[in-house]
Every structure is written in structure tokens, then in C-alpha cells.
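A quick write-up on the structure given underneath.
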Amino acid sequence: MDLHKSKAIILGFIWAILVSCNIGLSTAEAQADALLSWKSSLQAHNLQSWSLSNASSTTPCNWIGIKCDDAGSIEEISLPGAGLQGDLNSFSFSSFPNLMILNLSHNSLVGTIPSQVSILSKLASLDLSVNQISGSIPQELGNLMNLNELDLSDNLLTGSIPYSLGNLTKLTVLHLYVNQINGSIPQELGDLENLVLLNLSNNLLTGSIPSSFGNLTMLAHLSLSQNQITGSIPPQIGNLKNLIDLQLLNNGITGPIPSSIGNLTKLTILNLFNNQISGSIPQEIGYLKNLVDLSLLINNLTGPIPATIGNLKNLTRLGLSENQLSGVIPEEITNLTQVVILNLGENNFSGHLPQQICRGGSLANFAVYSNQLTGPIPEGLKNCTSLTKLRLHENQLTGNISEDFGVYPSLEYIDLSDNKFYGELSLNWGESRNLTRLQISRNGITGSIPTNFGQLSELGVLSLSSNHLEGEIPKEFGKLTSLLNLSLNDNQLSGKLPPEIGELSNLQILDISANNLSGTIPEELGNCSNLRYLKLNGNSFNGSIPFQIGNLINLQDVLDLSHNSLNGELPQQLGKLEKLESLNLSHNMLSGSIPSSFKGMLSLSSIDLSYNDLEGPLPENRAFENATIDSFINNKALCGDIHGLTPCNSSSSKRSGALKGYAVAIIIIVPLLGMLFSLFIFVRMTSHSRERVGVGHQENEVNNGDACVTWNYDGKVMYRDIIEATEGFNDSYLIAVGGYGRVYKAELPTGHTVAIKKLHALEGDQKSFKSEIQTLMKIRHRNIVKLYGFCSHASQLFLIYEYMERRSLHISLNDQKGAVELDWVKRVKIIKGLAHALSYMHHDCIPPIVHRDISTGNILLDSEFEACVSDFGTARLLEPGSSNWTAVVGTYGYIAPELAYTMEVTKKCDVYSFGVVVLEVMMGRHPSELISYLPDSYYQNIPLMDVLDHRLPPPTVETAGEVVLAMALALQCMHSNPQFRPTMEQVSQKLSASRNQLRSPLDSITLYQLLDPVVGLT
């Protein structure tokens, strides 16, 4: 080779390198420009490093979240949790021909998925999960033939699943859970033969499970939970021999469990909970020897439990309750030595319990309630020291309660009610120091109540009613400061009611009726300030009614002191019981007149004062006016307008007439003064508006409108003042935008700062406006936002609220500084306040009120971090005997799953939403991903510390107990079956009674330990 040729080759090689570099540089610059252009379209981001202004950032390959191939072309954009707010409309997909990975998950992206994404022909992974993307899934996604993973979960997607996804034959992961996708599941998904993970749960899918799913032989995890799927389980499901996890819970699946299910020998979780599956449990279920969790609860299964179930020796959870299973419980069930939770409740089982039910010693939760079981307690149960929950109530079991049960150090819950147990209460029960509930009602128990029951410091419910107990009520009960319910009625207890009962400040229910108690009613009982239900009737109490009973201002359901030997006059203080609905003081020796204070007992609906020595007029009270003569017979000289009673004497009539005269005068004068005042205001505003033109068109309309109505706010807030304070509802005063209106801050001339909620449009919002007004006029609670007044004008509808300095809980949780300021103590305080508010709405209001839109956006915080529920535009009053069916309303992500298909308004809808809010408060983000996996045992095993808000330091020893309690209650509130959710009253009581103690280190607790589908708050 000569010199000239060598030089030519070298020069050509150098030129090729330079051209290549120039092309790479050109590509890098174009891609950088495309990224910067998209960045500029975002409202927020954490992409400060994306810049070409410094030497270290001359190529996008060095930017955060960006990876390039050897030629300098971008092949990966990965920005999970990068604080992105905006959409994908400005994203230039065509600028990234070599892109293989696009991960924009856990951000706040909105808008739709552009169809241009199909240009990315090399794309292997697309993850847009946990955003707020809406619209339908584009059909063009089916063109991404190299796609291995597609995750669009936890968004607001609607429409149906495109059949074109069946073209993605390389796909191994398909996640579409937690959206609003509807329609049926395309048969074409059965063509995805490489699919390993398929999760379509928490959507609105209908139709049946495609038989083509039998082709997905590589599938390991399949979840179709929380949809509206019907039809039967196709027998082709038996082809999925690699399946490990099968979740079909909370649907409307019918038909039998196919026998081919026995082919799934790798299966560890089979969850068919809450469907309408019928037929018998197939014998082939015994082939699933790797099964750890088997849940068939709440179906229509019939027939016996197959003996082959004893082959499932790895099983830790077995749930068969609420079916129609029958026959005897097979002895083979004792082979399940690893079972921790065994729930066979509410079936038709008969015969005896298997003797060695606790052979392995690991059984913690054992429930066989509401069946037809007979015979003795199994011998093996006596040695089952691992028990934490035992539910055998509503059977016909027999045995000596003091001999047939052992010592259970970890026992938390036991219910043996409605059986045929006999014998005496053992001292052993007093050694179960973790007990929160002890119920042995309606049996044949004799003897006295052991005094060491006073050591059960965690006890919340003690029910020993309807037995043959005798002796005294132990004074040691005064130590049970966690007690919420003490029911000892219908026994043969004697002696006095110990004054130590007054130390039970958390007590809600006290029923010691139908015993042989004597002496006086201790005045200390008035210290039980949380009592809602008090029955002392059917005893031999004497003396007068202590006036301290009037301190029980939370008494609501009943106060029954009847059938005793009480004497003296009725205390005036009883009139303070304004929430009380039923009062029975009959069959005593009470004398004197009925105090005038009884007029203020506005909630009374039932009254019985018969068989006493009372005299004088009846109070002017609705309950007295609507009562019959039977409520007042056999008294000394009661008089009134009740048929059968003597009319009151003339002097009384004169006094009554004078009062009526005053009432008539008030009825006439007050409206007249109101009219004159309104006329004065009208003239003042009319003349003033003519003099001024600066306020604008809205002020001029006041001439033809209605003046504002205010209360609890000195009456000075009028339409003109509000318009002036907000400059005609200028956006500079806007502080929030909700589904039903815009909220403005108004500083009024009176010096008050208020929040004005202006409803969006006149037509169609009248109903919402009136609903909110009618609701808020009825309620007053420290944790419910105060309504000062309202304006209903020809072109304006707005409400006048107290101004909450810290605005919504949602804003605080989504702001870094605000979230840190919300420490664990404040978060627990917020949860308690919300629980108290909902308990008040559900249980203290008549009729009850269901909010229907509980979310962090509708919870406001004042300057002291006190939570207040707001936005009652969707509230529904649960009128007795009326229809409570409605269209689905509320904020997506907080709506109870059953509302989507039942559309029936119940209190349990609010309970579910409360659970979601609690998780969001504790996690610092919406728990959508956690919700989608709640029934999944795999997910339950994650440590609790992993889901708590990492922006805060771990809870201290003082707060850890309340944090754990709040999380446990939240999971119970979100039970898929509304029947198993606690009431808000129970939640409120539980939170109030918290002892702030943990038995295990916080970092050792998992969600599995918190989520217990067998026993909730019942």
C-alpha cells in the first residue's frame, strides 16, 4: 500500500468519526430541546438539573432520570416521584426513537394518554401508574409490539380495555388496577401467552371471566377483585399451572368452583371472598398442598367441608364463614397444624367440634359462631395457649366453663354467648390481661364474679347478662378504665352498686337491670360522662334519684330507673339530658311535680312516669303531648291535655293562658319587627347602591334579591358587604375550588374573616344549596365547620362559613413544610376529631346524616390543627322508612366500593371513606396502591413502618400505640363487606379509650397483624 492510499484511508476514517460525532451531537441536542420544551409546559417538577447552562449538563445523558445508549441517544426516561404536575400533550414522543423505558409513575400528571406514544416502537416498559390521568386507554398502544411491561394502575382511566392489547404478545406484566375502566374483559387478552402478572382489580368491569384466560399458562398472579364480574369461573382456569395467587373477591361471580381448580398445585392464595358462588367445595381442593390462604367467605356454598381439606398442611388462614355449609366439621381439619385463623362462622354445621382442633398449637383466631353445633368443647382447645380470638357464640355447646377452658395469655376477644355452658367463672379469665372483649351472655353460669376481673385493664366490653350469677358487683371494676360496655342484667346479683363505678369515665353502656341490687344509687354515677345507655330498672334501689344523673348529658338511648323503690322529688337537673330519647321512671314512689326543666328535653320520644305519686301539670314537651294515658296512670294528681287526665285547675289555666298570651304576642311582634328590619335594610341598600357604581353589576342586583340570612354572627353580614369584601368574587380572593363551588376569603367590615362558598351555577345547584343549608342548620359540633349564614339571590347562591386558617388537610399533606408540621400527635388528633364528627352525624343527629363525600379535601384545619368536616352539598338525611338510594357521588378514591353498584346510601359508606382518609393521613399520600392489594396476603406482610409517612421521624413510644390503633381501625373501616365495618360510634369510642401502649416494637408490626378479616369491631 503506497503512502497516498494510506493517507486517504486515514482521512476517510477520521471523517467518518467526525460525521458520526456530529450526528450524535445533533440527536442529543434535539432530544435535549424536546425534554426542555416538555419541562417548560409543566406546572411543577423536581427537574432543576435539566439545563444546558453549565458544563456538566451539556448533554441530556447526564440529567437526572435519563440514560443513553452508546451512540448518545436516550433509551430510558425514569422519573418516578419527581413531583411532576402537568400533562403529556407537549411530550415529543417522535424525538425518542430508541426509547426503551418510560417511567413517570407516582406523580401528578393529568390529561389523557396521547396516541403518539405508539411511535415508540422499541419501548419495552411503560409505567404511568399513580397519577391522575383520565380518558380511555388508546387503541394505538397495541402497536407497541416490544412492550414487556405496561402499568397504568391508580389513575382515573375510563372506557373499556382495548382489544388491541392482545397484540402485545411479549407482555409479561399488565397492571390496570384502581381506575374506572368499564365494559367486559376482552377475549384477546388470552393471546398474551407470556403474561406473568395480570391485575385488573378495583375497576367497574362487567361480564364474565374470558375462557381464553386458559391460554395464559405462564401466569403467576391473577387479580380481578373489586369489580362487577358475573358468570361462573371457567373450567379453563385449571390450565394455569404456574398460578401462585388467584384473587377474585368482591364480585358477583356465580356457579360452582370448577373441579379443575385442583390442577393449580403451585397456588398459595385462593381468595373468592364475597361472591355468589354456589355448589359444594370440590374434593379436588385437597390437591392444593401449597395453599397458605383459602378464603371462601360470604358465598352460597352448600354441602359439607370435604375431608380432603386436611391435606392442606401449609394453610395458615381458612375462611368459610357466611355460607350454607352443613354436616359435621371433619376430623381431618385437625391436620391443619399451621392454621392461625380458622373462621367457619354462620353456616349450618352440626355435631361436635373435632377434639384435636388445636393440635399444632398455632391457632390464634378460632370462629365457629352462629351454627348448630352441640356437645362439649374439644379437649385440644384447652391447651391452645396461642389463642387471641375465640368466637363460639350462637351454638348449643355444653360444658363446664370453669374446667373446659384453659389459660390463654394472649387472648384478646372471646364470645361464648348463646350456648349451654354451666359452672362458675374461673379465676383464669382474670389472667388474660390482653382481653378487650369478654362475652358469656345467655348461658347457665352460676357463682359470683371473680374480683380479679378488675385486673383486665384493656377490657372494653364485659357482658355476662342472662345467667344465674349472684353475689356483689366487685368494687374492683372501678379499675376497668377502658370499659365501654358493662352488661350484667338478668342475673341474681345483690348488694349495692359500688360507687367505684363512677371512675369508669369511658363507659358508654351500663345495664344492671333485673337483679336484686339494693341501697341508693351512688351519686358518683354522674361522673360517667360518656354514658349513652343506662338501665338500673328491676332492682330494689331506694332513696332519691341523685341530681348528679343530670350530668350525664350524653345519655341518648335510654334512662330506665323503673321498678325500684325510689322516692323523693324528680331533680330539676334531669332536664339537662337534652339528647335523651327514652325515659322510664315508672313503678317507684316518686312524688312532687314534674320539673319545668323537662320542657327542654327536646329529643324525648318515649316517656313513662306511671305508678308513682306525682302531681301537677305536664310539661309542654312533644313527648308528653304525644304520650297516652298509660304513661301517667296511677299517680297522685297529674293534670294536662292528655285524654284520660284531669285538665289542670283554673290558676294553672290562668298561668298557662298568660304564657300562651305571651307566645301569641311573640308570634305577632317578632315577625313584624323582622319585616320592619328587612324593609329598613332593603331601603338602605337600595339607596346606597344608587349612589355607588364601583361594586359592579352584582351589587345592583340586590334590589331584586333576598337579603342574606345569618345566625350566630350578629346579623351584619349582608349581600353588599360580601360583594365589596371580595370585589365581586374576584379570583384574587379565591382560596379553593371544589366539586360544588368556589370558596373565597372575605374580610368583612365587622372585623370578622369568613369563607364564602359560591355555588357554581344557579340551575341544578339549588338542590345542593338547600341540602347543605338544611343539613348544617341541624348540627353543631366542634369538629364540623360552622355555618354563619347564607344568601339566596336571584343570580347568586352562597354560604357563609367560619374561616379555617390552615385550609384543607389535603393541602397540608401535599406540602412538604405543611406535612412536617403535621407531626404524629397532630395527625392522631385530626383522626380523632374526624371520628367524633362522623359519630355525631351518624348517631346523635335525628335523622342521621350521611356526608357521602368524606375526603382530605373536605376536611379543614383551624389554627390549632383541629379538624372540621365541611362541604355538605352531597349529604343525605337517612329518614326512617324512606328510600336512601341515590346516584353515585363523592370524590373518587374515597367512595365505598359497594356504592358503585348498589347506589344505596348508608352510614357504612362514610365509614369506608373515613378509613381511606386515615390511611392517607398516616401514609402522607393517597393509599390507592395499598387499597388495591388490601385483600392480598402478600401485601399484608410488609412492615407497617414502610407505609408510614417517611417525611416524619418514626412515632415515639408515647404516640406509637395510637398510630397503630388508627391504622388497624382504618383497615377495619375499609372492609369490602359493609356489614363487617365498625360504626363510627365504635371507632370514636375506641380512639377515645386508647391506652397508648404497644405490646410489640413498632418496627416488628406488619399489615398482616393489623388486617384481620375474622373479627373486627362488632
Side-chain angles (χ1 to χ4, degrees), residues 489 496-497 510-523 525-526 531 533-552 555-649 651-653 655-656:
N489 53 288
K496 296 181 178 181
L497 179 61
L510 176 59
D511 189 349
I512 54 173
S513 59
N515 278 287
N516 298 319
L517 297 168
S518 58
T520 58
I521 299 173
E523 61 184 36
L525 192 59
L531 270 178
Y533 182 103
L534 176 58
K535 293 192 69 174
L536 308 182
N537 55 291
N539 283 285
S540 300
F541 289 115
N542 53 41
S544 60
I545 300 174
F547 71 84
Q548 290 86 352
I549 295 293
N551 296 334
L552 305 178
L555 270 179
Q556 177 178 335
D557 299 319
V558 64
L559 171 59
D560 193 343
L561 308 180
S562 65
H563 294 271
N564 280 288
S565 300
L566 298 171
N567 53 44
E569 297 188 354
L570 297 176
Q572 281 277 352
Q573 289 83 352
L574 291 185
K576 293 160 58 179
L577 306 180
E578 296 178 357
K579 298 179 183 179
L580 191 63
E581 297 176 3
S582 177
L583 175 63
N584 192 344
L585 304 177
S586 66
H587 295 83
N588 280 288
M589 297 180 286
L590 300 168
S591 58
S593 60
I594 302 173
S596 58
S597 61
F598 277 36
K599 183 179 180 179
M601 302 174 72
L602 300 179
S603 297
L604 268 184
S605 58
S606 173
I607 180 79
D608 192 348
L609 302 178
S610 60
Y611 293 90
N612 280 288
D613 292 322
L614 298 170
E615 56 186 322
L618 300 182
E620 294 180 4
N621 178 287
R622 181 186 62 180
F624 284 86
E625 293 168 356
N626 295 337
T628 65
I629 185 60
D630 291 339
S631 298
F632 308 111
I633 59 172
N634 284 81
N635 272 286
K636 186 175 182 180
L638 286 175
C639 63
D641 295 331
I642 302 295
H643 179 71
L645 279 184
T646 304
C648 295
N649 59 38
S651 60
S652 297
S653 298
R655 288 194 296 271
S656 176

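- Ring geometry, H587 versus H563: the interplanar angle falls under 30°, so the pair is classed parallel (tilted spans 30 to 60°).
- Considering every non-hydrogen atom in both L497 and P522, the closest pair reads O-CG, 3.6 Å.
- Put simply, the side chain of N516 never gets that close to the backbone of S518: no donor and acceptor are under 3.5 Å apart.
- For the atom pair CG (L566) and CG (N539), the distance works out to 10.0 Å, reported to the nearest 0.5 Å.
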Evaluation steps, side-chain contact (heavy atoms from CB on, under 4.5 Å), between M601 and L583: CA-CA 10 Å; M601 302 174 72; L583 175 63; 4.2 Å; yes
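- A pairwise comparison of heavy atoms in C648 and G640 identifies SG-N, 3.7 Å as the closest pair.
- Here the CG atom belonging to N612 is positioned 9.0 Å from the OG atom belonging to S591, to the nearest 0.5 angstrom.
- With S586 contributing its side chain and Y611 its backbone, the two residues share no donor-acceptor pair below 3.5 Å.
- Under the 4.5 Å side-chain criterion, counting only non-hydrogen atoms from C-beta, Y533 is in contact with D511.
- Distance OG1/T520 to CD1/I545: 12.5 Å, rounded to 0.5 Å.
- At a threshold of 4.5 Å between non-hydrogen side-chain atoms, the residues Q572 and S596 count as touching.
- Here the straight-line distance linking atom CG of N542 with atom OG of S565 works out to 6.5 Å at 0.5 Å rounding.
- Side-chain contact between N564 and I521: absent, with no pair of heavy atoms (C-beta onward) separated by less than 4.5 Å.
- Between the CG atom of D613 and the CG atom of N634 there is a distance of 10.0 Å, given to the nearest 0.5 Å.
- Note that the CG atom of N584 and the CG atom of L559 stand 9.0 Å from one another [nearest 0.5 Å].
- Looking only at distances, no side-chain donor or acceptor of N551 sits under 3.5 Å from a matching main-chain atom of I549.
- Of all the heavy atoms in E523 and P546, the pair that sits closest is CA-CB, 4.0 Å.
- Side-chain contact between I512 and L536 is present, with heavy atoms from C-beta onward closer than 4.5 Å.
- In terms of heavy-atom proximity, K636 sits nearest to E615 at NZ-OE2, 4.2 Å.
- For the pair S631 (side chain) and I607 (backbone), a donor-acceptor distance under 3.5 Å is present.
- The heavy-atom pair separating P595 from P619 by the smallest distance is O-CG, 4.2 Å.
- When side chains are defined from C-beta on, L645 counts as touching I629, because their heavy atoms get closer than 4.5 Å.
- Nearest heavy atoms, I642 versus F624: CD1-O, 3.1 Å.
- Around atom NZ of K579, more than 12 heavy atoms belonging to other residues, nucleotides or ligands sit under 6.0 Å away.
- Considering only heavy atoms from C-beta on, I594 comes within 4.5 Å of L638 through its side chain.
- N635 contributes a side-chain N or O that, together with a main-chain N or O of L614, makes up a donor-acceptor pair within less than 3.5 Å.
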